[in-house]
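Letters go in sequence order (proteins before strands), and every chain restarts at 1. These numbers come from a predicted model, not from an experiment. The basis for the numbers below is simple: all heavy atoms, side chains too, and nothing from hydrogens, waters or symmetry mates.
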There are 2 protein chains.
Amino acid sequence: MPNILLIDDDVELCEMLAEYLESESFTVNMVHDGHSGMNQAKAENYDAIILDVMMPEMDGFSVLKELRKYIATPVLMLTAKGDDVDRIVGLEMGADDYLPKPCNPRELVARLKAILRRTQTAPPKTVDVIKVNDIEIHPASRKAIYQSENLPLTSSEYNLLEVLAMNVGTVVDKETLSEQALGKKLTEYDRSIDMHLSKLRQKLGDDSQELIQTVRGKGYQLSGG
Amino acid sequence: MPNILLIDDDVELCEMLAEYLESESFTVNMVHDGHSGMNQAKAENYDAIILDVMMPEMDGFSVLKELRKYIATPVLMLTAKGDDVDRIVGLEMGADDYLPKPCNPRELVARLKAILRRTQTAPPKTVDVIKVNDIEIHPASRKAIYQSENLPLTSSEYNLLEVLAMNVGTVVDKETLSEQALGKKLTEYDRSIDMHLSKLRQKLGDDSQELIQTVRGKGYQLSGG
DNA sequence: TCAGCTTTTTTACATGAATTTACATGTATA
DNA sequence: TATACATGTAAATTCATGTAAAAAAGCTGA
C-alpha cells in the first residue's frame, strides 16, 4: 500500500482522485497549496508525489525545484492539456512523469504504478560485506573498516563510500553520487559531493587520491584490485 | 553511451530520431517491423527499446508481450496521439513509459534518460588489463604502466591512451577520440586532442612519435606490438 | 524551549587541468 | 615552387577540483 502525497489547489478534484486512489489501495494525503506541499513532502517519507503545475502563489515547478534540493521522491506532474513545453521543462527538472489535465484516474493509477515499479525495484542485492582493496563495508551495520581498523565516518561519507564500492572500477558520476548517497538531485554549483569526498579522503589517509580517483568532468572512481 | 533499439515501421521517422539520438551520444540500431524487433531485442543486450505501437503484422503490444517473456529491458512505447487506452494498456503490460506520436525528439531524449537513470546499474568493467607494446592499462584503477614504471597521467591523458589502446593498430579519428576520451564533440579549430596527445607523448619519452603515430587528416594510432 | 554539539552545505580561494590561442614547422596539392 | 592546410607545442586563458572555513541545518539532553 504505497503512500502518496497529492498537491493540487482544486479541492474537489483532489477528493475525487484521492477516493479513486484509495479504492486502488493507495494511502493518500492531500494539501492544496505549494508551500504546504513542500513542508509535507519533506516531513514524511512518501513513495510518490502527485503535483499540479497550475497553482496560485507557488506553482508546481517551483515546488519541484525546491523539493529536489532535499528529496528524490518520484514526482508525477499534472500539466495543462497538451502543453509540450511544460512537460519537457518538468522532465528536465527531474519530474518522473507527467499527465495532462483533466486526467483519467485509471491512467493516473497505471502511471503511478509504473513509476513505483521503476523506483521501488531497488536492487534487493543485500550483500553482507563488500571488500575492495583494503576496505571492508558492512551495510548491515553501516560500518567501514580500512586496513583492519574501524573507519569512523559520518552518514554521508559512509553512503558515498558504499556507492563507490558498489561500482568499483567504474566511474560514478556526481549526479548518481548525489542521488544515491545524499538522496537529492545535484544542483548547479553544488559542491557537497566534492566536499564529502575530500573529507572521506582525509580519513583514508595518504594514498586516498589513488584509491578514490577523480575523473574530471565526470565523477569519481574507487580503484578496483 | 547507451545502446538503443528503435522498432518502428516508419523508416523516415526512424532515421530522423536515430540521428537526433546519436547526436546525444546514444548508439542506435533500427528495425522496421515487429518480428525483426523481437529477434534483435533478444539477440543483443540493449539498454532500452523504443517501440512503436502501430505496426503492420505484429503490433507493438504483441512485441512487448512476447518480449517480456524473455527480457526485462526497459521499453518506451510510441503511441498514437492522445489514445488513452493504448497508453494504459501499454503501461499495464509492463512498458516503462510511452510518448504520443508525433513526438518531440528532445522530449524523447529526456524520457529515455529518465528511464535509463532508473534502470541502469553500472555494469561491471569487462577488461582487466590491456597490454600493448610496453604499455599496460588498468581500467579498474585508471593506471597506466610504461616500461614497468607507473606513468602519471591526467584524467584526459589516461582516457586518450585507453581509447587508443582499445583500438591498437587502427587509426582512431579525432571525432571519436574527442567523444570517447573527452566526452565532448570535436568542434572546428578544436586542438585539445592534439594538445593532450602532445603531453602524452612527452610523458612517453623519446620514441613516442613511433608509438603513437599521427595519421594526417585522420587521427592517431597506437602501434600494435 | 534552549544551548551546545555534530553533520551538511555553502562560500571562497588556491591549485592544477583542460582548452584556446598563437605561431613555427611540416606536408600535400596545384 | 608557391599555396593552403594540418600538426606540434609553448603560452595564455578558462574552468574544475581540493579544501579550509563560515554558515546553516540537525540532534541531543537538560
Check your understanding: When Tyr220(A) is tested against each of Val215(A), Val171(A), Val172(A), Ile193(A) for side-chain contact (heavy atoms from CB on, under 4.5 Å), which residue passes?
Key -> Ile193(A)
Practice item. For the helix from dT1(C)-dA30(D) to dA30(C)-dT1(D), measure the angle between the helix axis at one end and the axis at the other, each built from five pairs, rounding to 10°. Key: 40°
Practice item. Decide yes or no for Lys199(B) and Thr154(B): does some side-chain heavy atom of the first lie under 4.5 Å from some side-chain heavy atom of the second? Key: no
Exercise for review: Find out whether Ser192(B) and Lys184(B) are in side-chain contact, i.e. whether some heavy atom of one side chain is under 4.5 Å from a heavy atom of the other.
Suggested key: yes
Check your understanding: Rounded to whole angstrom units, what separation is found between the CG atom of Leu160(B) and the P atom of dA18(C)?
Key -> 11 Å
**Study point:** side-chain hydrogen bond (donor to acceptor under 3.5 Å, both in side chains) evaluation trace for Arg201(A) with Thr214(A)
**Key:** CA-CA 11 Å; Arg201(A) 277 180 175 156; Thr214(A) 304; 2.8 Å; yes
Study note, to complete from the structure: Per-nucleotide protein contact along nucleotides 7-15 of chain D, 5' to 3', at a 4.0 Å heavy-atom cut-off (B base, S sugar-phosphate only, - neither), is BBBBB----
**Study point:** Length of the line joining Leu177(A):CG and dA16(D):C1', which is rounded to integer Å
**Key:** 16 Å
For residues 13-24 of chain B, which side-chain N or O atoms pair as donor and acceptor with protein atoms under 3.5 Å away, sequence neighbours left out?
unit_1: Ser23(B); atom_1: OG; unit_2: Tyr20(B); atom_2: O; d: 2.6
unit_1: Glu24(B); atom_1: OE1; unit_2: Lys113(B); atom_2: NZ; d: 3.4

**Study point:** Counterpart residues, side chain to side chain donor-acceptor pair (under 3.5 Å), relative to Lys203(B) (two or more places apart)
**Key:** Glu157(B)
Check your understanding: Looking only at heavy atoms, what is the nearest atom pair of Lys185(B) and Asp190(B), with distance?
Key -> O-OD2, 4.1 Å
Review point. Does a side-chain heavy-atom distance below 4.5 Å link Ile50(A) with Asp8(A)?
Key: no
Check your understanding: Between Glu188(B) (CD) and dA6(D) (P), how many Å, whole number?
Key -> 10 Å
Practice item. Show the numbers, then the answer: is there a side-chain hydrogen bond (donor to acceptor under 3.5 Å, both in side chains) between Thr176(B) and Asp173(B)? Key: CA-CA 5 Å; Thr176(B) 308; Asp173(B) 61 54; 2.8 Å; yes
Practice item. Please name the residue in the list Asn3(A), Thr73(A), Asn29(A) that meets the side-chain hydrogen bond (donor to acceptor under 3.5 Å, both in side chains) test with Tyr46(A). Key: Asn29(A)
**Study point:** Stretch residues 150-157 of chain A: residues that reach within less than 4.0 Å of DNA chain D through a heavy atom
**Key:** none
Check your understanding: Taking atom types as modelled, is there a side-chain donor on Ser198(B) or Arg191(B) under 3.5 Å from an acceptor on the other?
Key -> no
Practice item. Find the distance Ile193(A):CD1 to dT9(C):P and express it as a whole number of Å. Key: 8 Å
Review point. Under a 4.5 Å cut-off applied to non-hydrogen side-chain atoms, are Ile4(B) and Ile49(B) in contact?
Key: no
**Study point:** Nucleotide dT8(C), atom C1' - distance to CG of Asn159(A) in whole Å
**Key:** 12 Å
Review point. Heavy-atom contacts under 4.0 Å between residues 178-187 of chain B and DNA chain C, which residues?
Key: Leu182(B), Lys184(B)
Check your understanding: Within a reach of under 6.0 Å around CG of Asn150(B), are more than 12 heavy atoms found that belong to other residues, nucleotides or ligands?
Key -> yes
